[in-house]
Number of protein chains: 2
Amino acid sequence: MSNSKLYKGSLSTIILKLLAENNKMYGYEMTQRVKELTQGELTITEGALYPALHKLEADGFLEVEMQKVDNRLRKYYKLTQAGTQERVNRIEELERFIETIQGIVNPKPSLG
Amino acid sequence: MSNSKLYKGSLSTIILKLLAENNKMYGYEMTQRVKELTQGELTITEGALYPALHKLEADGFLEVEMQKVDNRLRKYYKLTQAGTQERVNRIEELERFIETIQGIVNPKPSLG
DNA sequence: CAAATATACCTAATTTTCTTATGCATAAAA
DNA sequence: TTTTATGCATAAGAAAATTAGGTATATTTG
């Protein structure tokens with residue numbers, strides 16, 4: 001039941017935000033963290049996550065570091081300097097969107 | 001400058017919300033209303049709007065009424081009964097998304 | 001009066017960003 | 001031993017935008 005719809009365009013912002021708070025994370029870890037943070041409301045699918053990570057890396061916002069744990073390979077991502085700046089922009093944009101859409105969904109009556 | 005990004009998936013919710021408050025509206029009017037409501041922050045492009053209106057109509061959520069004003073044709077849309085219900089669902093979904101994403105962007109520290 | 005802007009609709013090509021469905025591999029649990 | 005969990009990946013397809021046109025009338029501006 002439930003499971004909030006992921007509005008297209010918000011995923012990479014979520015990734016940048018997670019990495020800003022955790023220094024380095026690997027893909028699978030992100031899917032689990034989002035489940036925790038949202039009490040299961042939001043599920044990041046791997047089909048969406050991995051291509052998004054690759055794109056952020058190609059754009060120079062993330063850098064990669066491989067690590068073997070329990071004989072399984074993990075691909076750790078962390079923010080580059082450009083990624084740190086991009087995160088600020090994206091969060092700002094997301095917050096502006098939320099304010100903006102609340103101006104439509106919960107319009108304040110004009111004064112006067 | 002500015003102009004908030006429209007997260008993909010939110011447009012039809014905006015349309016349903018506008019029609020719930022204005023009984024009937026035509027496309028061009030919606031683009032202007034959104035500009036007003038958001039102080040120019042959000043611009044609904046016609047390339048996005050018209051296909052979205054057609055889809056909502058095809059899905060049975062909107063009905064159409066033509067009207068000629070000043071020798072120009074207007075296509076007024078209004079909610080059907082199904083559309084009125086759909087509006088409730090979509091607004092709910094959007095608000096759940098906003099709460100959910102704020103749980104990620106502004107996570108509350110766990111108690112204890 | 002001519003040109004630009006505003007009003008009003010539309011669509012087609014392309015791009016972005018998902019979902020769904022796979023595939024591979026190792027480890028732990030049932 | 002089969003399922004679930006961990007961990008990566010991609011490919012086909014769908015959804016929903018952007019961008020860039022097109023048509024037509026009315027109004028404003030230089």
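By convention in this document, chain letters (A, B, ...) are assigned in the order of the sequence lines, proteins followed by strands, and residues within each chain are numbered from 1. Predicted model only: the values in this text are computed from it and were never measured.
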As a quick check of understanding, evaluate side-chain hydrogen bond (donor to acceptor under 3.5 Å, both in side chains) for A:N89 and A:E93, giving each step before the final call.
CA-CA 6 Å; A:N89 299 338; A:E93 186 163 70; over 6 Å; no

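Spacing between atom CG of A:L6 and atom C1' of C:dT16 amounts to 13 Å, rounded to whole angstrom units. Following rounding to the nearest Å, A:L73 (CG) and C:dC24 (P) show an atom-to-atom distance of 18 Å. Atom CG in B:D70 sits about 14 Å away from atom C1' in D:dA24, given to the nearest Å. The distance from atom OH of A:Y50 to atom P of C:dC18 is 16 Å, rounded to the nearest whole Å. Straight-line distance from the CG atom of B:L49 to the C1' atom of C:dT7: 14 Å, rounded to whole Å. The separation between B:N71 atom CG and C:dA6 atom C1' is 16 Å, rounded to whole Å. Distance B:R74 CZ to C:dA6 P: 17 Å, rounded to the nearest Å. Taking atom CD of residue A:E46 and atom P of nucleotide D:dT6, one finds them 11 Å apart after rounding to whole Å.
Nearest-nucleotide assignment on DNA chain D puts the 5′-proximal partner with A:V69, out of A:V69 and A:G47.
Side-chain proximity of A:T45 to C:dT26, C:dT19, D:dA9: nearest is C:dT19.
Nearest heavy-atom pair across B:S12 and B:G9 is OG-O, 4.2 Å.
Residue A:R72 places none of its side-chain N or O atoms closer than 4.0 Å to OP1 or OP2 of C:dT26. A:H54 has no side-chain polar atom (N or O) that falls below the 4.0 Å cut-off from OP1 or OP2 of D:dC8. A close approach under 4.0 Å does occur between a side-chain nitrogen or oxygen of B:K75 and OP1 or OP2 of C:dC10.
Cluster annotation: B:V64 is connected to B:L18 through the hydrophobic network of ILVMFWY side chains, with a link wherever side-chain heavy atoms come within less than 4.5 Å.
In this structure a side-chain-to-backbone donor-acceptor pair under 3.5 Å is present from A:K17 to B:V105. For the pair B:T38 (side chain) and A:T100 (backbone), a donor-acceptor distance under 3.5 Å is absent. The backbone N or O of B:L6 lies less than 3.5 Å from no partner atom in the side chain of B:S10, so there is not a single donor-acceptor pair. Checking side-chain atoms of B:E29 against main-chain N and O of B:Y26 turns up a donor-acceptor pair under 3.5 Å.
DNA chain C lies under 4.0 Å from at least one heavy atom of each of the following residues of residues 8-33 of chain B: B:K8, B:Y26, B:G27, B:Y28.
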